[in-house]
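Residue numbers begin at 1 in each chain, while the letters A, B, ... track the order of the sequences.
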Protein chains: 2
Amino acid sequence: MNIGQASEKSGVSAKMIRYYEQIGLITPPLRTDSNYRVYGPDEVHVLRFIKRARTLGFSVEETATLLGLWQDRSRASGEVRDIASSHIAALETKIDELQGMVKTLKHLVHCCAGDNRPDCPILDDLAGKPAH
Amino acid sequence: MNIGQASEKSGVSAKMIRYYEQIGLITPPLRTDSNYRVYGPDEVHVLRFIKRARTLGFSVEETATLLGLWQDRSRASGEVRDIASSHIAALETKIDELQGMVKTLKHLVHCCAGDNRPDCPILDDLAGKPAH
DNA sequence: GGTAGACCTTCCCATAATGGTAAGGTCAAG
DNA sequence: CTTGACCTTACCATTATGGGAAGGTCTACC
């Protein structure tokens, strides 16, 4: 299987497959005589694992750890759970921050007349003026 | 006022003040004979505007637009409201995505025994195995 | 006057993860 | 044997931020 097919089957772009290989996240595959990378079902499986972890918001570095745990038969599942748990906490912090931004912005938009007058509470707020 | 004080008063690092100047977000300030940048209250005001916009999650490019609208006396506040509204929509999409991730991860953590057995539903899920 | 330490200057490099492009080799179908 | 789709490497760009080096300046104190 060429890199194009592996990409299609895994959902990881060819560009990223080469990148993951370069940074050592995946092991270099075999090559044909003409230097083409050759992938088998196992490699695609690994790529799909990576794709899924990335989609769930794990960084490449975290993904590398998870991949190591996946491939280590003597792993402790508690370790995996801890990684996932702290990841959840980080995501929730991020969500809270974003919700704070949305709340502020919604308040401002609600107060903004939206016509052509230059009195804009959004800009006033950004400029640090006290709310009217 | 030197860049250090301007940084302290605005909450924007000296490094970033120079960067904002370099990319044209702010106009170059006056210099002393010894080539030090000199800032006054107006400049700090602008920097605080920028800081606030960045904190609210606007990109530097969006911030530039807002800054332009702020400084343009003939601006239409509807334009500002539109920028804020589409920004809210983008934030809410992001929040939804993150919440989806949290939900999935929480489910997995809940199912994960967390002991030392190598049967880990989180890894199984990442690997694409059907849920038990 | 001299010196130490805190500040400033510019320039270069690094990050995380991804995309783009260019120049060239290869393969399969017609 | 040509055409087009694919592959290869190598380099550059992105966003916003920080780090560091090498050197100039200013202030406070002796």
Side-chain angles (χ1 to χ4, degrees), chain A residues 1-26 28-40 43-44 46-67 87 90-91 94 97-98 101, chain B residues 1-26 28-40 43-44 46-67 87 90-91 94 97-98 101:
Chain A
M1 195 184 343
N2 280 343
I3 200 171
Q5 275 114 42
S7 167
E8 206 177 343
K9 288 203 179 175
S10 65
V12 181
S13 74
K15 202 89 186 182
M16 291 314 296
I17 294 176
R18 295 193 195 98
Y19 172 71
Y20 291 151
E21 179 186 331
Q22 191 199 319
I23 63 172
L25 180 60
I26 57 181
L30 295 173
R31 302 279 189 132
T32 65
D33 287 349
S34 54
N35 208 30
Y36 282 22
R37 288 172 179 81
V38 181
Y39 298 91
E43 279 90 348
V44 170
V46 168
L47 287 173
R48 267 201 272 190
F49 183 101
I50 292 169
K51 177 68 180 179
R52 186 102 168 83
R54 299 284 300 118
T55 301
L56 282 171
F58 289 99
S59 70
V60 168
E61 199 166 343
E62 286 168 326
T63 302
T65 304
L66 291 170
L67 199 51
H87 192 64
L91 288 177
K94 187 88 189 164
E97 284 174 14
L98 292 177
M101 294 177 198
Chain B
M1 197 179 348
N2 279 343
I3 199 171
Q5 274 116 41
S7 166
E8 206 177 341
K9 287 203 179 177
S10 65
V12 180
S13 74
K15 205 87 184 179
M16 290 314 295
I17 294 176
R18 294 193 195 99
Y19 172 70
Y20 290 152
E21 179 187 331
Q22 192 201 318
I23 63 172
L25 181 60
I26 58 180
L30 294 175
R31 300 281 188 130
T32 65
D33 286 350
S34 55
N35 208 30
Y36 281 22
R37 289 173 179 82
V38 181
Y39 298 92
E43 279 91 348
V44 171
V46 167
L47 287 172
R48 269 201 271 189
F49 183 102
I50 293 169
K51 177 68 180 177
R52 186 101 168 82
R54 298 284 302 119
T55 301
L56 282 171
F58 289 99
S59 71
V60 169
E61 199 166 344
E62 287 168 326
T63 302
T65 304
L66 291 171
L67 198 52
H87 191 63
L91 288 176
K94 187 89 188 163
E97 284 174 14
L98 292 177
M101 294 178 197

- Query: Would you say Thr63(A) and Arg54(A) make side-chain contact, with heavy atoms under 4.5 Å?
  - Reply: yes

- Grab the CD1-P distance between Ile3(B) and dG24(D) for me, whole Å please. 20 Å

- note: Phe58(B), atom CZ; dA16(D), atom C1'; distance rounded to Å ~ 17 Å

- Message: Is it the case that the side chain of Glu97(A) and the backbone of Lys94(A) share a donor-acceptor pair, with hydrogens and angles ignored and the cut-off at 3.5 Å?
- Response: no

- Measure from CD1 on Ile17(B) to C1' on dG18(D) and round the result to the nearest Å. 15 Å

- Message: For a 4.5 angstrom cut-off between non-hydrogen side-chain atoms, does Glu21(B) reach Pro29(B)?
- Response: yes

- Task: Would you classify Ser13(A) as touching base, sugar-phosphate or nothing, given that sugar-phosphate means primed atoms plus P, OP1 and OP2, and contacts are heavy atoms under 4.0 Å?
- Result: sugar-phosphate

- Interatomic distance where NZ belongs to Lys15(B) and C1' belongs to dC12(C) [whole Å]: 9 Å

- Item | CD/Gln5(A): more than 12 non-hydrogen atoms of other groups inside 6.0 Å | yes

- dC12(C) P sits how many Å from Gln22(B) CD, rounded? 11 Å

- Query: Is the backbone N or O of Ile3(B) less than 3.5 Å from a side-chain atom of Ser7(B), with the two atoms forming a donor-acceptor pair by type?
  - Reply: no

- Task: Determine: side-chain N/O of Ser34(B) to OP1/OP2 of dT9(C), distance under 4.0 Å, yes or no.
- Result: no

- Task: For Met16(A) and for Val38(B), find the nucleotide of DNA chain C with the closest heavy atom, then tell me which residue's nucleotide is more 5'.
- Result: Val38(B)

- Separation of dA16(C) atom C1' from Ile50(A) atom CD1, nearest Å, is 16 Å

- Query: With respect to the side chain of Arg37(A), which nucleotide from dT9(D), dT9(C), dT18(C) is positioned closest?
  - Reply: dT9(D)

- Message: Please determine whether any donor N or O and acceptor N or O are separated by less than 3.5 Å between the side chain of Tyr36(B) and the base of dG24(D).
- Response: yes

- Compare side-chain N and O positions of Tyr19(B) against OP1 and OP2 of dT15(D) and report whether any pair is under 4.0 Å apart. no

- Task: Please tell me which of the listed nucleotides, dG18(D), dT9(C), dT17(D), lies nearest to the side chain of Asn35(B)?
- Result: dT9(C)

- Message: Closest-nucleotide mapping onto DNA chain C: is Val60(A) or Asn2(B) further toward the 5' terminus? I mean the 5' end.
- Response: Asn2(B)

- Counting heavy atoms from C-beta on, name the nucleotide in dT18(C), dC7(D), dT9(C) closest to the side chain of Arg54(A). dT18(C)

- Query: Tell me: CD of Glu21(A) to P of dT8(D), nearest whole Å?
  - Reply: 9 Å

- Query: dG19(C) phosphate, OP1 or OP2: any side-chain N/O from Arg18(A) under 4.0 angstrom?
  - Reply: no

- Whole Å only: how far is the CD atom of Glu61(B) from the C1' atom of dT15(D)? 11 Å

